[in-house]
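None of the values given here were measured: they were computed from a predicted structure.
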Amino acid sequence: MAPKPSLNEQQQQAVEHIGSPLLVLAGAGTGKTRVITEKIAWLIRKAKVDAKNIAAITFTNKAAREMKQRASDILSSDEAKGLTVSTFHTLGLTIIRKEYKHLGYKAGFTIFDAQDSSTIIKELTFSEAVADNDDGSENDDDIRWIISRWKNDFVSIDKAFEIATTAHEVRAAKLYRSYQRQLKAYNAIDFDDLILLPLQLFKEKPEVLKEWQNKFRFLLVDEYQDTNVCQYELVKLLTGLRKELTVVGDDDQSIYAWRGAKPENIAQLQTDYPNLKVVKLEQNYRSTSLILESANALIANNDHLFEKKLWSSLGEGEKIRIIPCKSADHEVETVIGEIMKYNFRDKAKYQDMAILYRSNYQSRLFERYLRSNNIAYKLSGGTSFFERAEVKDILAYLRLIVNTSDDAAFLRVINTPKRSIGASTLEKLGNYANERQISLFAASQEMGFAQRVSGKAAALVQSFIFWLNDLIVSSHESKPHALVERIVTEIAYEDWLKNICSSDKQAEQRMANVYEIIDWTRRLYEDGEGKETIAEIIAHMCLMDLLERNQEEEEDNAISLMTMHTAKGLEFPYVFLIGIEEEILPHANSMEEDGLDEERRLAYVGITRAKQHLTITYANVRNKYGEKISCEPSRFLEELPEQNCEWADRVVVSPEQMQATSQSYIANLQAMLED
């Protein structure tokens, strides 16, 4: 294996700087992950910092795994022992696990996903509507997003009431209060709480904060432009007076404001850390010069606190091709024609190509045409492994065994598969539990409940509870994967799938996901690393996206279809940006100044995914609600340097060029026939 090229001057500065906070302003493709991993190694080897006192934090499981792998490639296992490389949410879970008593939780707490949260909020919305003699017409999802935004912005329940200016926001504040009480009663937390609770704990318990500050003496944070208020404050508290903080970010790639990210957090660093050192990484190791010059020109239309200009030593490269298309169908045919041309003429592999778009719905037409042309593709951002019904069923059993106060899990499994326990029985159980202010599991074992239902219904519930209690006892003695196998076998889950699925093949596919849970549980148990009990394994699973992990494995020769948001951090030799029109990119809902700036950053991210070939398309006409509507090319196209672009409708092809193309096709065809 060839040795890696040495770090450039700016990268080396970033690696060796200690003694004050550091902002590494890292443009797209400038080697920021390498800087972080090299700095970890430098701290351990040169600065003699113990690995257990270093934490590197990023945003996705995939990025954390990559960073951990790169660090292990540089360091020996002894050198890396105790090193923390994790996502913000995994770090939060680690803190909560250790400090749950300070937070008023019991061991074995449950992490609720978005669906669990929506279920609770829906029930609370209905209850509040009945109490207020309302029609209950509130949008549950909208309420959930408001509560999530408040949590990300570190807005307490009291503060939510203060800032609520509309009747809808006042209702949301009431539900926020009820929702948090309900979570506590279930001994559960939601995804946002993984950051919020550690932050609240550190602010209320300085002695606990001091312990964690002593543990993490050096903090390195990636993708800093994506931090929300809670994450920023958490980092600020953990760094303490020592302020040994390195953050890596790029305000030009801040594209997640809709989920609470605050790009202004980069600017805030200068206020909070007056002695902040700034190192700019501007040498791009990914793209050709014309692509980078175009990206620079586009993003220059946004305001910047720190100016930077990407450059490349990879040569000028080809001009960006911009292709106007008559319609959406013509756009698809054009792009697929270009793909087939690159594949045939240049022998380019499909796996080196990506079709990027603003919104998920734009992929549907492309999928249909790719299938009809027998071109393999992979769609990123589809249904998560954990959103599949069979996966949620089995994990709900495990959640309930770990935390019997988890009412959402109880309700999911009590009739999965069917146990003839009717809705009336469950309604009476819920009412009784509410009156007694205890969990459904606890209520189902009390004489008071048994007296409210028929003898047959009480017997059916008691049979389920007896079996569940036996599993709980077994969970302390059995290996976790053996426990999962026992549950799947004893509920005859495979037979149930065969009964409810439309075909044996569908049942087989769904059962394969169940077997994957068993195998994954076994692997986690055998790997150890703090995942040796069913409670630890369930907590871990709630944070992992198995689908994302599987996609890291060797892929077939397939074209990637994904949104520009999903493509962030990736790169491809051939990139097609499609639907680059007004009201698509920029999006119709983002035409105000701040929204327009973020849409421009999104276009910038799309452009900088391309290594050598970039093609941009738009349609002049699209169908919308059954009507043909005229479309305008995106304003962002006019912000690209004219000399760097080649517009298909403005190019005159000479007879010599046509002859050269024909000869290239003939040569390739002959080579293929000879093979």
Side-chain angles (χ1 to χ4, degrees), residues 25-30 32 59-60 63 223-228 249-266 284 286-287 291-305 308 310 320 322 331 335 354-363 366 379-381 560-572 575-611 614-619 631-641 645:
L25 203 66
T30 55
K32 65 183 178 60
F59 278 82
T60 66
E223 304 288 9
Y224 208 68
Q225 75 281 349
D226 293 338
T227 53
N228 59 36
D250 181 8
D251 51 348
D252 290 335
Q253 294 187 75
S254 182
I255 56 174
Y256 295 113
W258 51 275
R259 68 183 190 197
K262 303 284 185 185
E264 56 268 30
N265 282 350
I266 288 183
N284 176 284
R286 174 190 298 158
S287 307
I291 290 172
L292 291 182
E293 286 173 14
S294 302
N296 287 337
L298 174 74
I299 206 65
N301 290 281
N302 281 3
D303 291 332
H304 291 83
L305 181 67
K308 69 177 186 311
L310 298 182
I320 296 171
I322 301 176
E331 180 181 45
V335 170
I355 299 172
L356 308 183
Y357 34 83
R358 174 63 176 82
S359 302
N360 277 310
Y361 75 87
Q362 292 174 266
S363 72
F366 278 87
L379 184 67
S380 297
S560 294
L561 272 65
M562 64 184 76
T563 64
M564 293 177 204
H565 285 98
T566 304
K568 186 168 173 290
L570 303 178
E571 58 185 45
F572 303 90
V575 168
F576 298 86
L577 301 184
I578 66 161
I580 309 304
E581 301 152 26
E582 290 290 292
E583 300 197 355
I584 295 181
L585 184 74
H587 194 275
N589 296 334
S590 304
M591 293 301 192
E592 294 180 4
E593 188 174 345
D594 287 348
L596 202 57
D597 283 354
E598 176 148 337
E599 293 292 294
R600 187 177 284 109
R601 292 194 292 267
L602 189 57
Y604 173 85
V605 166
I607 290 170
T608 54
R609 299 313 95 196
K611 296 173 76 173
L614 176 61
T615 302
I616 300 174
T617 63
Y618 65 88
C631 306
E632 292 292 327
S634 171
R635 68 190 71 192
F636 298 149
L637 296 181
E638 295 301 324
E639 295 176 359
L640 301 177
C645 300

Asks: Quick one: salt bridge (Lys or Arg N to Asp or Glu O under 4.0 Å) partners of E639, sequence neighbours excluded?
Replies: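 Per chain and number, E639 pairs via salt bridge (Lys or Arg N to Asp or Glu O under 4.0 Å) with R600.
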
Asks: Quick check: closest heavy atoms across E331 and T617, and the distance to 0.1 Å?
Replies: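 Looks like OE2-OG1, 2.7 Å.
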
Asks: What pairs with T30 under side-chain contact (heavy atoms from CB on, under 4.5 Å), at least two apart in sequence or on another chain?
Replies: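 By the side-chain contact (heavy atoms from CB on, under 4.5 Å) rule, T30 matches A26, L281, L310.
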
Asks: Looking at every non-hydrogen atom in both residues, tell me the closest pair between S634 and L585 and how far apart they are.
Replies: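 Answer, listing the atom of S634 first, then L585: OG-O, 2.7 Å.
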
Asks: If you take all heavy atoms of Q225 and I266, which pair is closest and at what distance?
Replies: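 Residues Q225 and I266, closest heavy atoms: CB-CD1, 3.8 Å.
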
Asks: Any non-hydrogen side-chain atom of L356 less than 4.5 Å from a side-chain atom of F576?
Replies: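 No - every pair of side-chain heavy atoms lies 4.5 Å or more apart.
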
Asks: Which atom names give the shortest non-hydrogen contact between Y224 and N265, and what distance separates them?
Replies: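 Residues Y224 and N265, closest heavy atoms: CE2-O, 4.2 Å.
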
Asks: Please tell me if the side chains of L577 and M564 come closer than 4.5 Å, counting only heavy atoms from C-beta onward.
Replies: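 Yes; the side chains approach each other to less than 4.5 Å.
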
Asks: Could you tell me whether R601 and E598 have a side-chain N and a carboxylate O separated by less than 4.0 Å?
Replies: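 Salt bridge: yes.
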
Asks: Determine whether E223 and Q253 make a side-chain contact, defined as any pair of heavy atoms from C-beta on separated by less than 4.5 Å.
Replies: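 A side-chain contact is absent here, since even the closest heavy-atom pair is not under 4.5 Å.
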
Asks: If every non-hydrogen atom of E293 is compared with every non-hydrogen atom of P641, which pair is closest and at what distance?
Replies: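 Between these two residues, the closest heavy atoms are O-CG, 4.2 Å.
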
Asks: Can you give me the closest heavy-atom contact between R358 and Q362, atom names plus distance?
Replies: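 That would be N-OE1, 3.0 Å.
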
